[in-house]
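Below, chains carry the letters A, B, ... as their sequence lines are ordered, and counting in each starts from 1.
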There are 2 protein chains.
Amino acid sequence: MKALSQVGKYGLRALLYLVAYPPDSQYLSIRQISDDLGLSFHFVTKIFRELTEKGLLISYRGPSGGIALAKPAEEIMLLEVIKALEGDDYFDKCLIGLPHCGSAKPCPVHEFWKEVKTKLQHNFSETSLALLGEKIRTQEVRLDD
Amino acid sequence: MKALSQVGKYGLRALLYLVAYPPDSQYLSIRQISDDLGLSFHFVTKIFRELTEKGLLISYRGPSGGIALAKPAEEIMLLEVIKALEGDDYFDKCLIGLPHCGSAKPCPVHEFWKEVKTKLQHNFSETSLALLGEKIRTQEVRLDD
DNA sequence: CATATTTAAGACTATTTATTCCTAATTAAG
DNA sequence: CTTAATTAGGAATAAATAGTCTTAAATATG
């Protein structure tokens, strides 16, 4: 199941890197993130530009510049990140693509699919980047592979 | 969340039409399905060709030809259909795309994502096309929109 | 001020997915 | 046997997504 686009996958991985390995200085360079994770520098830059526009990141140009979280990792929930990367309507889509599917005009799998999406949203809205960063730092989980 | 490709969405909708509105004769023509659902005839034909190759459908050419289920709708579970349409590895993918993600090398969301996929697989493996077809016929749910 | 480092912006290219189209093969029916 | 109605096969086209590249702008530092 391809639930995230490449933008979503790379963006999330890169953000988690930033959270898991925060720099001593104020900003972490995109180059370090992309090199360390083996992702395309240009592609990550493009993704981060969007996250900066949306207010999730702040960026700073010039030597020792880079990007940083716009607010504490404790306050950034996965839900916000995924919506920023995939679009605000991410959890509103009908599984089989019926544009007016809803409780009034449910498609054959509407109820079940709604349950699944609710579970996802609920979990994502309670999972902070800080928590995941900590799990990465303690090597309970991994970001590379 | 775009969980299914267009092939998956259209294929599932077309199959459900066949189950919900079985023809008096042995075969239902693709033209009728695509016209009724407002889908591209050629695209549905291509999708059905694949399902025929995979043994889910049988087809018959010539006048009063068309397609039919290869086995009773009671015996075809959603899981089988989705795997046929989207690939057998549909439920094996890491959310953030790490190729070796698994219990040995879990990504930061591995456990939760596994739960979600298990729930999906479980439900899909217990939902038959016959059940959904019946719900459509009784207008409890809808296929068009 | 000159240079090096970094992100910003957006054009460009490549790849994948989606969709259409044309021709062939099959078969029923007159 | 001819015609019409179908699906089969696969080429061709279009659109969306993914990824690369080049140039500009900002800024620190010597």
Please tabulate, one pair per line, each protein N/O and nucleotide N/O from nucleotides 26-30 of chain C that are separated by under 3.5 Å, including the distance.
unit_1: C:dA28; atom_1: OP1; unit_2: B:Y60; atom_2: OH; d: 2.6

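- Between A:Y27 and A:A68, the closest heavy-atom pair is CD2-CB, 3.8 Å.
- Under the 3.5 Å distance criterion, with hydrogens and angles disregarded, a donor-acceptor pair is assigned to the side chains of B:E86 and B:S5.
- In this structure, the side chains of A:K93 and B:K2 stay at 4.5 Å or more apart for every pair of heavy atoms.
- Distance check, rounded to the nearest 0.5 Å: CG of A:L4 to SG of B:C94 gives 9.0 Å.
- Both A:K2 and A:T52 lie near DNA chain C, and the one whose nearest nucleotide falls closer to the 5' end is A:T52.
- Less than 4.0 Å separates DNA chain C from at least one heavy atom of each of the following residues of residues 21-51 of chain A: A:S29, A:I30, A:F41, A:K46, A:R49.
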Exercise for the section: Go through A:E134 and A:R137 one step at a time and tell me if the salt bridge (charged side-chain N to carboxylate O under 4.0 Å, His left out) criterion holds. Expected result: CA-CA 5 Å; A:E134 182 59 22; A:R137 237 175 289 115; 2.4 Å; yes
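- To the nearest 0.5 Å, atom OG of residue B:S25 and atom OH of residue B:Y60 are 12.5 Å apart.
- Linking Ile, Leu, Val, Met, Phe, Trp and Tyr residues whenever their side-chain heavy atoms come within less than 4.5 Å leaves A:M77 and A:F91 in two separate clusters.
- Protein atom CD1 of A:I67 is 12 Å distant from nucleotide atom C1' of C:dT6, rounded to whole Å.
- Take the nearest nucleotide of DNA chain D for B:G65 and for A:Y10: the residue whose nucleotide is more 5' is B:G65.
- Listed for the A:K135 side chain is no donor-acceptor partner under 3.5 Å among the backbone atoms of A:V141.
- When each of A:L16, A:I136, A:I33 is paired with A:Y21, the side-chain contact (heavy atoms from CB on, under 4.5 Å) condition holds for A:I136 and for no other.
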Practice task
Evaluate salt bridge (charged side-chain N to carboxylate O under 4.0 Å, His left out) for A:E50 paired with A:K46, printing each intermediate quantity in order.
Solution key: CA-CA 7 Å; A:E50 219 180 303; A:K46 185 186 264 191; over 6 Å; no
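- Counting 5' to 3', DNA chain D first comes under 4.0 angstrom of a heavy atom of chain A and last does so at the ends given by D:dA18 to D:dA28.
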